[in-house]
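Notes follow once the structure below has been shown.
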Amino acid sequence: MNPVAHLTPERWAAANRALIRKGLAEFAHERLLDPKELGESRYQVLSDDGTTEYRFTADRFALDHWQVYPDSISRHRGDEQLPLDALQFIIELRSSLGLSDEILPVYLEEISSTLAGTAYKATKPPVTSAELARAGFQAIETGMTEGHPCFVANNGRLGFGVDEYRAYAPEAASGIRLIWLAAHRDRATFTAGADIEYDGFIRAELGEATVDAFAATLAARGLDLSDYLLIPAHPWQWWNKLSVTFAAEVAQERLVYLGEGDDTYLAQQSIRTFFNTTDPAKHYVKTALSVLNMGFMRGLSAAYMEATPAINDWLARLIDSDEVFAAARFSIIRERAAVGYRHLEYEAATDRYSPYRKMLAALWRESPVPRLAEGERLATMASLLHLDHTGASFAGALVKESGEEPAVWLRRYLDAYLLPVLHSFYAYDLVYMPHGENVILVLDERGAVDRAVFKDIAEEICVMDPTAVLPPAVERIRAEVPEDMKVLSVFTDVFDCFFRFLGATLAAEGVLSEDDFWRTVAECVRDYQRSKPELAEKFARYDLFAETFALSALNRLQLRNNKQMVDLADPSAALQLVGDLVNPIARFA
């Protein structure tokens with residue numbers, strides 16, 4: 001098999017056109033580019049030196065969203081029309097994009113990898129959105145073609161070779177078996193939620209026969225399983241990192257290679273999280289992966305993992321005790337257990353945010369499958385923004401399948417997704433990272449949204465109330481956020497980074513007008529506020545009907561520092577705020 005058969009001139013040209021379309025749209029949205037209007041929805045962008053011109057057609061939507069039409073884009077220098085080339089596009093605009101000499105080549109590598117991924121996806125048999133809307137959970141998960149809607153370089157995955165891409169990328173949909181290591185208890189820690197003990201949990205996940213086989217492997221070397229904890233590792237992490245970088249640990253039998261487990265997994269949109277396809281009721285496994293992707297090295301901190309189960313149990317109890325969450329049938333899938341290995345020498349040489357401290361850890365997250373009722377099915381929320389090869393949307397396919405009026409379908413989705421976000425914020429000063437990959441939608445048999453399940457809890461949530469009483473084990477989720485930036489957690493993460501795309505997609509497709517989309521969002525907010533008069537003071541202080549809100553620019557973070565976009569010690573300080581956006585629900589107040 002030719003490992004680069006996907007890299008053909010035709011696919012490469014299509015991938016470049018798609019990426020430049022996204023670059024023009026998102027860089028204009030973030031005010032890195034200022035397209036000049038030529039008339040009749042035609043626009044022009046000039047290169048930094050003014051010699052190269054991009055012309056395109058675009059419609060403008062709420063939140064300064066640019067719906068750029070890919071077939072309309074052309075590139076000119078003088079009287080000559082030039083082919084579209086995404087790498088040259090970035091170089092021609094490097095000053096406008098603020099790319100330093102240090103960042104530029106790495107960003108170009110991330111762009112190249114993203115283009116290669118797009119070309120690979122084009123080799124898969126085309127599936128219409130209507131067909132995908134009736135498909136199973138994992139077919140939808142691996143059928144996504146775009147990734148994060150805001151980031152232009154959103155599939156960098158620096159570290160993967162082409163063979164590893166085919167083996168481990170979610171869109172490749174290759175079955176994966178995890179590598180298992182025995183980690184000496186002197187340097188490893190296992191923590192778990194209520195009612196979970198290590199031995200029973202591991203045997204339930206791995207199976208008695210596998211655990212006994214691992215014990216025999218250790219015994220053959222004169223080692224005792226009871227002195228070790230079992231840790232799953234991403235195969236890439238073992239072969240490319242741990243077997244070399246942790247060679248001293250292996251040589252001294254503090255880490256022992258045991259081989260593959262029996263279960264087969266599929267990589268999820270987040271790359272380092274795996275769904276068990278052998279037994280879908282078993283836990284997801286999330287592993288450390290020292291690959292640079294979208295602004296971060298995707299490791300997992302052993303120290304961070306220790307508090308993960310306690311944080312999840314705390315949030316689950318809060319949700320279970322709240323009437324509003326219960327009425328919305330809102331839930332989380334808990335991260336139930338975590339295991340991490342501390343390399344003491346690297347710890348002595350680094351601070352707590354170093355990638356060297358995030359090379360060997362794992363967690364187990366509940367599967368949503370056992371909680372499904374008869375007729376219910378699952379879809380990642382990211383799928384709502386998916387467009388098939390004909391330009392038809394997954395969201396539009398669900399609306400059509402449901403037989404409901406589009407605004408009625410939308411309101412059901414908002415009551416399942418937006419309402420819990422609002423109640424968490426106003427009642428508990430609690431915020432999530434509720435983007436498409438972090439939310440699973442439970443659909444009924446007709447394709448209407450029944451309820452929402454949030455995931456990726458311990459690494460993503462924070463409590464912004466400095467006076468909130470939190471258990472000691474949960475204290476780390478408290479964050480100091482300036483008053484004027486708190487409500488950005490809704491405006492940026494929900495309105496700008498998700499609804500902006502969903503509203504424009506449904507409008508461009510003729511499913512639901514933009515006015516009706518934002519009116520329905522406003523009605524959901526207003527109805528929630530009417531139902532909780534005791535929170536009126538907070539509704540006024542953090543006003544979701546404010547005329548404008550600050551534009552928080554995500555690509556600017558990656559363009560400034562694509563190895564660590566945000567200082568984890570002070571995330572809000574890193575935000576790139578660039579003027580204001582007109583709030584599309586303000587006029588419905």
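Without hydrogens or angle criteria, Arg17 side chain to Pro70 main chain gives a donor-acceptor distance under 3.5 Å. A donor-acceptor pair is defined here as one N or O able to donate and one able to accept, closer than 3.5 Å; such a pair exists between the side chain of Thr128 and the backbone of Glu131. Side-chain N or O atoms of Arg556 include one that pairs as donor or acceptor with a backbone N or O of Arg31 at under 3.5 Å. Remark: the backbone N or O of Leu266 is paired with a side-chain donor or acceptor of Gln268 at under 3.5 angstrom. With Glu171 contributing its side chain and Gly143 its backbone, the two residues share no donor-acceptor pair below 3.5 Å.
Within a 6.0 Å sphere centred on CD of Glu445, heavy atoms belonging to other residues, nucleotides or ligands number 12 at most. Summarising the local packing, CG of Asp543 is surrounded by more than 12 heavy atoms from other residues, nucleotides or ligands at distances under 6.0 Å. Residue Lys400 places its NZ atom among 12 or fewer non-hydrogen atoms of other residues, nucleotides or ligands, all under 6.0 Å distant. For Asp79, the CG atom sits in a loose shell: 12 or fewer heavy atoms of surrounding residues, nucleotides or ligands are nearer than 6.0 Å. The 12-atom threshold is exceeded at CD of Gln44, counting heavy atoms of other residues, nucleotides or ligands nearer than 6.0 Å.
Asp48 places none of its side-chain heavy atoms less than 4.5 Å from the side chain of Glu92. Put simply, the side chain of Thr287 does not reach to within 4.5 Å of the side chain of Gln237, judged on heavy atoms. Counting only heavy atoms from C-beta outward, the side chains of Leu551 and Leu577 never approach each other to under 4.5 Å. A 4.5 Å side-chain heavy-atom check between Val421 and Asp493 finds every atom pair outside the cut-off. In this structure, the side chains of Pro584 and Leu63 come closer than 4.5 Å at one or more pairs of heavy atoms.
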ring-ring contact (aromatic ring centres under 6.0 Å, His included) for Tyr432 and Phe454? Distances and angles first, verdict last. CA-CA 9 Å; Tyr432 307 84; Phe454 283 19; 5.0 Å; yes
Starting from the C-alpha separation in whole Å, work towards a yes-or-no answer on side-chain contact (heavy atoms from CB on, under 4.5 Å) for Gln81 and Glu53. CA-CA 9 Å; Gln81 183 166 337; Glu53 176 191 14; over 6 Å; no
Determine, step by step, whether Arg42 and Thr57 satisfy the side-chain hydrogen bond (donor to acceptor under 3.5 Å, both in side chains) criterion, reporting the C-alpha distance in whole Å, the side-chain angles of both residues, the deciding distance to 0.1 Å, and the verdict. CA-CA 4 Å; Arg42 290 289 289 169; Thr57 302; 3.0 Å; yes
For the pair Tyr284 and Phe274, evaluate ring-ring contact (aromatic ring centres under 6.0 Å, His included) and give the outcome as yes or no after the intermediate values. CA-CA 5 Å; Tyr284 288 92; Phe274 295 97; 10.0 Å; no
Under the side-chain contact (heavy atoms from CB on, under 4.5 Å) criterion, do Glu146 and Thr118 qualify, and how do the steps go? CA-CA 8 Å; Glu146 178 46 46; Thr118 302; over 6 Å; no
For the pair Asp496 and His29, evaluate side-chain hydrogen bond (donor to acceptor under 3.5 Å, both in side chains) and give the outcome as yes or no after the intermediate values. CA-CA 10 Å; Asp496 191 33; His29 172 71; 3.0 Å; yes
Run Thr548 and Asn583 through side-chain contact (heavy atoms from CB on, under 4.5 Å) and show every step you take. CA-CA 5 Å; Thr548 62; Asn583 180 5; 5.8 Å; no
Steps toward side-chain contact (heavy atoms from CB on, under 4.5 Å) verdict (Leu506, Glu514): CA-CA 8 Å; Leu506 294 174; Glu514 195 174 29; over 6 Å; no
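Annotation: the span from Ser113 atom OG to Asn293 atom CG amounts to 8.0 Å, rounded to 0.5 Å. Within the model, atoms CG of Leu410 and CG of Leu512 stand 6.0 Å from one another, a figure rounded to the nearest 0.5 Å. Here Glu30 contributes atom CD and Leu554 contributes atom CG; the two are 6.0 Å apart, rounded to the nearest 0.5 Å. Once rounded to the nearest 0.5 Å, the distance linking CD1 of Ile20 with CG of Leu84 reads 4.5 Å. Here the straight-line distance linking atom CG of Asn438 with atom NZ of Lys455 works out to 5.0 Å at 0.5 Å rounding. For the atom pair CD of Glu80 and NE2 of His76, the computed distance is 11.0 Å after rounding to the nearest 0.5 Å.
Classification of Asp85 and Arg75 as a salt-bridged pair fails, no side-chain N sitting under 4.0 Å from a carboxylate O. Checked for salt-bridge contact, Asp516 and Arg519 meet the test: a charged N lies under 4.0 Å from a carboxylate O. At a threshold of 4.0 Å, the pair Arg412-Asp444 counts as salt-bridged, since one of the basic side-chain nitrogens sits closer than that to a carboxylate oxygen. Ion pairing between Arg272 and Glu459 holds under the 4.0 Å rule for side-chain N and carboxylate O. With respect to Arg500 and Glu26, a salt bridge is recorded, a charged nitrogen being found less than 4.0 Å from a carboxylate O. Ion pair Arg94/Asp101 flagged as a salt bridge, since at least one NZ, NE, NH1 or NH2 atom sits closer than 4.0 Å to an Asp/Glu carboxylate oxygen. By the 4.0 Å N-to-carboxylate-O rule, Glu164 lies too far from Arg157 to be salt-bridged with it. Salt bridge annotation for Asp515-Arg587: present, with a cationic side-chain nitrogen under 4.0 angstrom from a carboxylate oxygen. Ion pairing between a basic and an acidic side chain is recognised when a charged N comes within 4.0 Å of a carboxylate O; Arg60 and Glu37 show no such pairing.
If you look at Phe498 and His435, their ring centroids are not closer than 6.0 Å. In this structure, Trp518 has its ring center under 6.0 Å from that of Phe495. The ring of Tyr54 has its center closer than 6.0 angstrom to the ring center of Phe89. Taking the centre of each ring, Tyr542 and Phe425 come in below the 6.0 Å mark. The distance between the ring centers of Phe61 and Trp66 does not fall below 6.0 angstrom. Separation of the Phe275 and Phe137 ring centroids falls under the 6.0 Å cut-off.
Taking every heavy atom of both residues into account, Val442 and Leu378 meet most closely at CG2-CD2, 3.8 Å. Across Gly396 and Val511, no two heavy atoms sit closer than the pair CA-CG2, 4.3 Å.
Below 30°, between 30° and 60°, or above 60°: for His148 and Phe151 the angle between ring planes is above 60°, a perpendicular geometry. Under the 30°/60° scheme for interplanar angles, the aromatic rings of Tyr120 and His6 are found to stand perpendicular.
Thr380 and Ser383 share no side-chain donor-acceptor pair at under 3.5 Å. For the residue pair Arg77 and Thr52, a side-chain donor N or O sits within less than 3.5 Å of a side-chain acceptor on the partner.
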